[in-house]
Protein chains: 2
Amino acid sequence: MSDRCRIPETTVARLPVYLRSLLRLAAGQERIVSSQRLAQLTGLHSARVRKDLAYVGASGTRGVGYDVAHLLDMTGRELRRSQETPVVIVGMGQLGRALAGYGGLGSEGFRIAALFDVDRAKVGQQVGAATVRHLDELAATVATEDCVIGVLATPAAAAQSAADALVAAGVRAILNFAPTSLAVGCDVWLRDVDVSVELQILAHHRLPTRPTR
Amino acid sequence: MSDRCRIPETTVARLPVYLRSLLRLAAGQERIVSSQRLAQLTGLHSARVRKDLAYVGASGTRGVGYDVAHLLDMTGRELRRSQETPVVIVGMGQLGRALAGYGGLGSEGFRIAALFDVDRAKVGQQVGAATVRHLDELAATVATEDCVIGVLATPAAAAQSAADALVAAGVRAILNFAPTSLAVGCDVWLRDVDVSVELQILAHHRLPTRPTR
DNA sequence: TAATGTGAAAGGCTTCACAGCC
DNA sequence: GGCTGTGAAGCCTTTCACATTA
């Protein structure tokens, strides 16, 4: 399939999941994998796997399967995995600190370039490998480090203005952990992660409720 | 719309988002809201909002809008908000501790019923308002507290067996923070949250990459 | 007049099914 | 025989557009 065609967002969202499984296969010395097996590992349908892999330009061998290293190369390339991606985190509450200290990011090709908060009491503190700076320094840092991704971990009330600051500074993608819906321009990619929202969705699926009292 | 009809999963996933906006409107003393305004607050289309609200049995007044308190009642009911939902967390690493200490859950109708880990060194530690117990006690606790939701915050390698333990104990819904794809029966609801996955998705959207080297 | 409620159209995603190839 | 690659069918979701009603 041509490199020129646009990859659907649904496919993009599954690529990191394939990548995870592929890394495990590679770690287990498995060199060949079928769409069937990859489907089983990821909980998807095998036809879906084949279509997704075609989108990233990967090709397999009929009757055999796909080369694991080749798939790692193609999916990793699509996810810009070869270049280290600098990330800034805004909001140094409990969640922000946990994210700043999360070791998983480094191994996945991300680097925490800087941490920010508006609370002067927190500015200067060391969290993980970085020092907390004041939000006023955001624009300068984003420019210097060429950050395109910002993580929002502020309280809900501060999230929109922090998002605006990130966008004004040049960030083009925001991962929002604040429990609020953000308004951003359509040229900014936004993804939301909210633990309460996830739990509420699951709570809806509780078995038919016993009568309340 | 009849109570009997099944609400699509996509609609269920948006209900918590409406709920958030409705709580803010109510806090601001706004008693009436149009689908247009709710759409603006949530970043959705107004027709979508009206269809979703119809699914939960809410009704508005033509020419006027919806009653905020009524919407809060209907969406909250659908999300089982009136009953406190006990939740257990498995895995007391950095993320598990952050989740255990996250105050937002209590205000949303959830209660952390118990914390678990397999590491004997962590068992007995106090984290937030709860004491860490050994995973062996999971089944007994889930039964006693009638927990239907489990949160997984273990390392990837331990996640599947922990998930199996949760399901065996009677948990019917799992929120998985471990960076791995879990296999669970189709009678168990599963949602995944992975920071690395989210960042990788955003990384894909970086502007056309400058040539590498 | 202003906004709901909802069929119908449009668009997108998933699954099927099978030709093609190793 | 087995697995990829992909058109076609089916399903689901979103959006449009407008009749309807306070």
Side-chain angles (χ1 to χ4, degrees), chain A residues 1-15 17-18 21-22 25 30-75 78 181 186 201, chain B residues 1-15 17-18 21-22 25 30-75 181 186 201 204:
Chain A
M1 194 166 285
S2 159
D3 281 7
R4 284 273 134 246
C5 76
R6 198 37 162 282
I7 301 181
E9 188 62 14
T10 49
T11 293
V12 171
R14 282 186 293 263
L15 295 181
V17 179
Y18 297 131
S21 293
L22 290 168
L25 289 169
E30 301 202 42
R31 313 184 81 145
I32 299 291
V33 66
S34 66
S35 60
Q36 191 69 236
R37 175 128 174 70
L38 216 35
Q40 176 200 332
L41 289 171
T42 55
L44 299 166
H45 194 282
S46 65
R48 183 99 297 292
V49 172
R50 292 196 294 276
K51 285 236 159 101
D52 285 340
L53 296 180
Y55 270 119
V56 301
S59 58
T61 308
R62 292 167 200 245
V64 180
Y66 297 86
D67 183 81
V68 173
H70 174 62
L71 291 187
L72 272 173
D73 181 39
M74 300 308 271
T75 55
E78 198 59 48
S181 300
C186 58
I201 294 170
Chain B
M1 194 166 285
S2 158
D3 282 6
R4 285 272 133 247
C5 76
R6 198 39 163 279
I7 302 181
E9 187 63 13
T10 48
T11 293
V12 171
R14 282 185 294 263
L15 295 181
V17 179
Y18 297 131
S21 293
L22 290 167
L25 289 169
E30 301 201 43
R31 314 184 80 145
I32 299 290
V33 66
S34 66
S35 59
Q36 191 70 235
R37 174 128 174 70
L38 216 34
Q40 175 200 331
L41 290 171
T42 55
L44 299 166
H45 193 282
S46 65
R48 182 97 298 292
V49 173
R50 293 196 293 277
K51 286 233 158 102
D52 286 341
L53 296 180
Y55 270 120
V56 301
S59 59
T61 306
R62 291 168 201 247
V64 180
Y66 297 86
D67 183 81
V68 173
H70 173 62
L71 291 187
L72 272 172
D73 181 39
M74 300 308 271
T75 55
S181 300
C186 57
I201 294 169
H204 169 264

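Proteins come first, then strands; the chains are lettered A, B, ... in the order of their sequence lines, and each starts at number 1. What's counted below: heavy atoms across the whole structure, side chains too, no hydrogens, waters or symmetry copies. This structure is a prediction, so every number in the text was calculated from the model and none was measured.
Counting atom types as modelled, B/Arg62 pairs no side-chain N or O with a base atom of D/dT21 as donor and acceptor under 3.5 Å. Within 3.5 Å, a donor on the side chain of A/Lys51 pairs with an acceptor on the base of C/dT15, or the reverse. For B/Arg48 and D/dT14, a side-chain-to-base donor-acceptor distance below 3.5 Å is absent, hydrogens and geometry of angles not being considered.
Distance, A/Gln36 CD to D/dG5 P: 15 Å, rounded to whole Å. Atom OH in A/Tyr55 sits about 14 Å away from atom P in D/dG5, given to the nearest Å. Spacing between atom CG of B/Asp67 and atom C1' of D/dA22 amounts to 15 Å, rounded to whole angstrom units. Here the C1' atom of nucleotide C/dC22 and the CD1 atom of A/Ile32 are 12 Å apart, to the nearest Å. If you measure from atom OH of B/Tyr66 to atom P of C/dA2, you get 18 Å, rounded to the nearest angstrom. Distance, A/Leu44 CG to C/dC16 P: 13 Å, rounded to whole Å. Atom pair A/Arg6:CZ and C/dC13:P shows a separation of 12 Å (rounding to whole Å applied). Distance A/His45 NE2 to D/dT4 P: 13 Å, rounded to the nearest Å.
Side-chain N/O atoms of B/Ser35 include one lying less than 4.0 angstrom from OP1 or OP2 on C/dT4. OP1 or OP2 of C/dT14 sits under 4.0 Å from a side-chain N or O of A/Arg14. Put simply, A/Thr61 has no side-chain N or O that comes within less than 4.0 Å of OP1 or OP2 on D/dT4.
If you take OH on B/Tyr18 and OG1 on B/Thr11, they are separated by 7.0 Å, rounding to the nearest 0.5 Å. Within the model, atoms CG of B/Asp52 and CG of B/Leu15 stand 6.5 Å from one another, a figure rounded to the nearest 0.5 Å. Rounding to the nearest 0.5 Å gives a distance of 4.0 Å between NE2 of B/His70 and OG of B/Ser59.
Between B/Arg50 and B/Thr11, it is B/Thr11 whose nearest contact on DNA chain D lies nearer the 5' terminus. For A/Pro8 and B/Gly60, each mapped to the nucleotide of DNA chain C holding its nearest heavy atom, the one lying further toward the 5' end belongs to B/Gly60.
Checking each of B/Leu25, B/Val17, B/Leu44 against B/Leu38 for a side chain to side chain contact (heavy atoms under 4.5 Å, CB included) leaves exactly one that passes, namely B/Leu25.
Set against D/dT15, D/dC3, C/dT14, the side chain of B/Ala47 has D/dT15 as its closest nucleotide.
A/Ser59 comes within contact range of the sugar-phosphate backbone alone, with a heavy-atom separation under 4.0 Å but no base atom that close.
Using a distance-only test at 3.5 Å, with no hydrogens or angles considered, no donor-acceptor pair links the side chain of B/His45 to the main chain of B/Ala39.
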